[in-house]
Amino acid sequence: MTASDQILQQHGLTRDEYQRILEMLGREPTVTELGIFSVMWSEHCSYKSSRVHLRKLPTTGPRVLQGPGENAGAVDIGDGLAAVFKIESHNHPSFIEPYQGAATGVGGIIRDIFTMGARPIALLNSLRFGPLEDPLVRRTFSGVVRGIAGYGNSIGIPTVGGEIAFDESYTGNPLVNVFCLGIAKADEIIKAAASGAGNAVYYVGAKTGRDGIHGATMASAEFDEASAEKRPAVQVGDPFMEKLLLEACLEVMKTDTLVGIQDMGAAGLTCSTAEMGSRGGAGIAIDVSLVPQRETGMTPYEIMLSESQERMLLVVKQGREAEVERIFEKWDLHAVRIGEVTTDGRLLVKHHGDVVADIPARCLTDEAPVYQRPMAEPAYLAEARRLDLSSLGPPPPPADVFRRLLASPGIASKRWVYRQYDHMVRTNTLVVPGMGAGVVRVKETNRALALSTDGNARFVYLDPFQGAQLAVAEAARNVACAGGEPIGATNCLNFGNPERPEIMWQFGQAVEGISAACRALGIPITGGNVSLYNETDGRGVLPTPVLGVVGLVEDASKIARRAFAHDGDTIVLLGVGRGELGGSEYLKVIHGLVRGVPPVLDLPAEAALQRLLVAGIAAGLIRSAHDCAEGGVAVTLAECCFDTGLGATIDVPTIEAAAGAMAAVSTLFGESASRVIVSVEPSRAAELVRLAAGAGVPAAIVGRVGGDRIRVTIGRETALDESLADAERIWSEAIGAYFDRERAIA
Amino acid sequence: MRARVFVMLKPSVFDPQGTTVADALHTLGYASVTAVRQGKYFELDIDAKTEDEARRIASEAADKLLANPVIESYRIDIEKTEAAKR
Amino acid sequence: MRARVFVMLKPSVFDPQGTTVADALHTLGYASVTAVRQGKYFELDIDAKTEDEARRIASEAADKLLANPVIESYRIDIEKTEAAKR
Amino acid sequence: MKFAVVVFPGSNCDHDAYHAARHVLGQDAAFVWHKETSLGGADVVVLPGGFAHGDYLRTGAIARFSPIMREVQQFADRGGPVLGICNGFQVLLEAGLLPGAMLRNRSVKFQCEHVFVKVEQIDTPFTNACRPGQILRIPIAHGEGNYYAEPGVIERLEKNRQVIFRYTTADGAMMPEANPNGSAANIAGICNDARNVVGLMPHPERACELALGSADGYVVLESAVKAVTHGMFAAAR
Ligand SMILES: Nc1ncnc2c1ncn2[C@@H]1O[C@H](COP(=O)(O)OP(=O)(O)O)[C@@H](O)[C@H]1O
Ligand SMILES: [Mg+2]
């Protein structure tokens, strides 16, 4: 077929890309082939804009068992076990159909994990929405939360943490990033590669329907009015089917019958066949008429491109087919043989015996286009980075600021959300959501894993390099606050349209920032996901890299939580405040501004801080730990008091740089990095301070736990003196209050 | 007046619930039930003067709240007298 | 043949979902919707010769599976022609 | 003694019940697949939590037709101790081994959180190790735990002392605020006439180790061990 401009546009292919297809094939592609190229060369599958940048990420380390390139990364956690984890976005589908979009996002990442032979044991999610004042946003928000809950709860994997932030830029383009972690035997990790000519290729799971056709190309195009037409590209999740698939696949994997296995995610059968073939250096020949179909009259094009959920592709060793089929039958699943592995390196697709596509698999994967997109510093930057605090007028009284920050949805308790998630199923959850990084024990060992996802997009907006570094530092610090040594990370990069040089610049800078921070902190990146074209009507979201960090706790009985543990404990502040307000929650909530430069980050100091936390918690010295993030030291102190009934009093030094009218608010609410509030038994406070001094970490005894008020003095002068009960009420009720009068519909 | 609103997944959209119910019916021996689709059913009591007004309100409710047009379609029946029955 | 089965909570049983929908509709400004009840709706495609046979199968299915008699009641409509429409 | 943990397609607390029985209580435990027709000589049967058959249609509605349920019924008829936890409770209701039904939570949301329940009766195989009136802090995790039965049935349950667990405040007050889901009479768990079949919505198996935030649920499974080893329900096998 000779493709018209219109056809190419519908397939998201440029004329140049089409030209390359012609050269690769040496002929015109068939319709099915055009469809296959279109999804495999989409941004979503090919990473054509991001690949050159992602190569810079540090991906190796002594613990890395599997870096980027497979369905998920894996790190060694001792005892012969591996932690297998990854984060993935499902942004666009979640806007169109919040419940199903989020639910299938959860389903997709879970498949990535068990595809590796790992049993999934924990989920986290990072969410971004517009302001909750907007009824449409509320509907999206509650739908997404219900969707995550609906899928995760049903399949029985606990959601143990996450984070949520709000900004106008996400109103028409929410972000739904889901992280999943599983445990596998280190030497039994299964790869998604096809090999061994003559081995059978099996299809198992849900039947194929017309759903999600062009889902992958949709995820690679901006939203506009016309995208309403693409709407049927929404898939419905079936967590029950996935639970059966999960159990059946893990059972099959215990036998040594498999050569390789891959889930059918974006671009469905096309992607799984092309990638498995290409990874194994083999070819795959299938007949799509053998694929179980839910609808009648489906064309090969539709079958190859369908994104129906809950489907897997397996390559089975010759002679072991019956064994595999029997296990699936037990779970009421019917594994169907649809083809076999070949030696010619080609993806050969037949339909009732007729060849409908015949493409060298590498053309679809390794040889897909790669772009070095132009980059240019955005015009907004110079202006946005200028922050003249004196121009803001006199700040409101600290008590008012404090209350407004506690009620700000970004800071307020997320209990309304995580109460809907089963966070305890599997009886591994040692630290539940709301108490810091999620911590799950690894049964049959003494170890536990601390997990956190973080990313402050305002910082990235104001300085993508620095902001991305801060995201790495925060996620790792959260894990360290629980007692986990950061040993691996995954990332989800949510950005706007890469064809705009300024977006590409943000992207490039952010990747550099992640690389620099990960190198300095010794945390390898083992995988991740890129979501581009996050914009609506030409307006991009805040550049939002989300980092997911895995921390190893050697002794599961030695962990720390956010909340103070004992009345009378001594409060120690680790790190130093510089009164930095650039990009802060304070500026956003009180002045409606996203401005200034993000906080300074001293990476060696950050690394020392994290080592101190891990050592101090392992030694049983640190009894609670909570890092200072949004809302600064005042909000962090309050969060340490919540859920305990214990108030606290601390005294912090005046920050010289922040003199003048803003002195108090910058000291209380400034968001300087690398600070943690910890509590210790009074008799051991000196020991901690000594340990900190030895580690080169600034540490000051600032106060004590007790009473029923939250009190902060600055240089002995009272700056804040609030009732704990009132503060806690404001903080706990803020998000629910948006929904009290309109409970969601099931 | 009572509006009865049926919300169904569009025919092309996968219905895991209906499929599971069909499987269960087959296991119970009802092989003659060849397909099942499951939807939602709402009865709205509406304080409206005319049938048209009731229908207008019901379809606004369906558009805004009861159905998601991306994956679902709906149908509305108005029963003038039904309301009294209960 | 197609059987349409409506399953509703019995009038004496409190319906949390319907109440929630009613609340939400009031928030959206639909004060004239005085009450909402939410139920389930099934479309069963049945391979049956007669309407009676279809009805018998559908009501067996409802008795055994589709409705829980402790809390729910059901109603069945048979549409002879509907099946062809799809 | 031996626990049988029944596994329906979609059960997801099966491993938790198994872990608690085997690794925390140190008893023998085995999974029994729902298509099996024997309970394998178990002394106690646990129907675990989860989403059997996806909870599509109604919770527990499809699971009750599983082949193993005939065995469970017979085991119960012989007086064997049967515990339904959460989804397992819902299955017992649908199967008619216990009276009543579950409605959606009053909040219309799934709720996962610790609640307090009061042990109302200790003459069952799952509460005999409790103190009368003992308050347990145990998690719930369900979207449909709003227990309903007709007023006459509730009356009979009360009269026969079949309400075994009730949602209360931390100090045992039966207040509406302590009721997480709208259950009639704050009911969190009940037993059958013969008192050997118990169903409850909270998850005792998730609260058997202090590291998980509470060990208050231990006593429920411990009761089963006591009941069996003291021959209280020996007739079952
Ligand atoms: N989407 C979510 N899913 C689950 N848990 C969440 C979610 N959002 C926030 N939480 C929990 O709420 C707590 C506070 O979140 P956040 O303010 O980001 O924490 P931190 O200050 O430790 O980074 C954390 O324990 C987190 O796990
Ligand atoms: Mg955070």
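Lettering follows sequence order; numbering is per chain, from 1.
- Closest of all the heavy-atom pairs between C:F14 and D:R106 is CE2-CG, 4.5 Å.
- Of the atoms belonging to D:N146, it is side-chain heavy atoms, and not backbone ones, that fall under 4.5 Å from chain C.
- Within 6.0 Å of CD on D:E155 lie no more than 12 heavy atoms contributed by other residues, nucleotides or ligands.
- When every heavy atom of C:P16 is checked against every heavy atom of D:V108, the shortest pair comes out as O-CG2, 3.7 Å.
- Counting heavy-atom neighbours within 6.0 Å of D:R70 CZ, excluding the residue itself, gives a total of 12 or less.
- Contact of D:L57 with chain C is made through backbone and side chain together, with heavy-atom distances under 4.5 Å.
- Side-chain contact between D:Y148 and C:L9 is absent, with no heavy atoms from C-beta onward closer than 4.5 Å.
- Ranked by heavy-atom pairs shorter than 4.5 Å toward chain D, the options C:L65, C:V70, C:D15 are led by C:L65.
- Annotation for D:R58 and C:L66: closest pair NH1-O, 3.0 Å, computed over non-hydrogen atoms.
- For the set D:L93, D:L103, D:N105, the count of heavy-atom pairs under 4.5 angstrom toward chain C peaks at D:L103.
- Using a 4.5 Å heavy-atom cutoff, the side chains of C:Q38 and D:R104 are not in contact.
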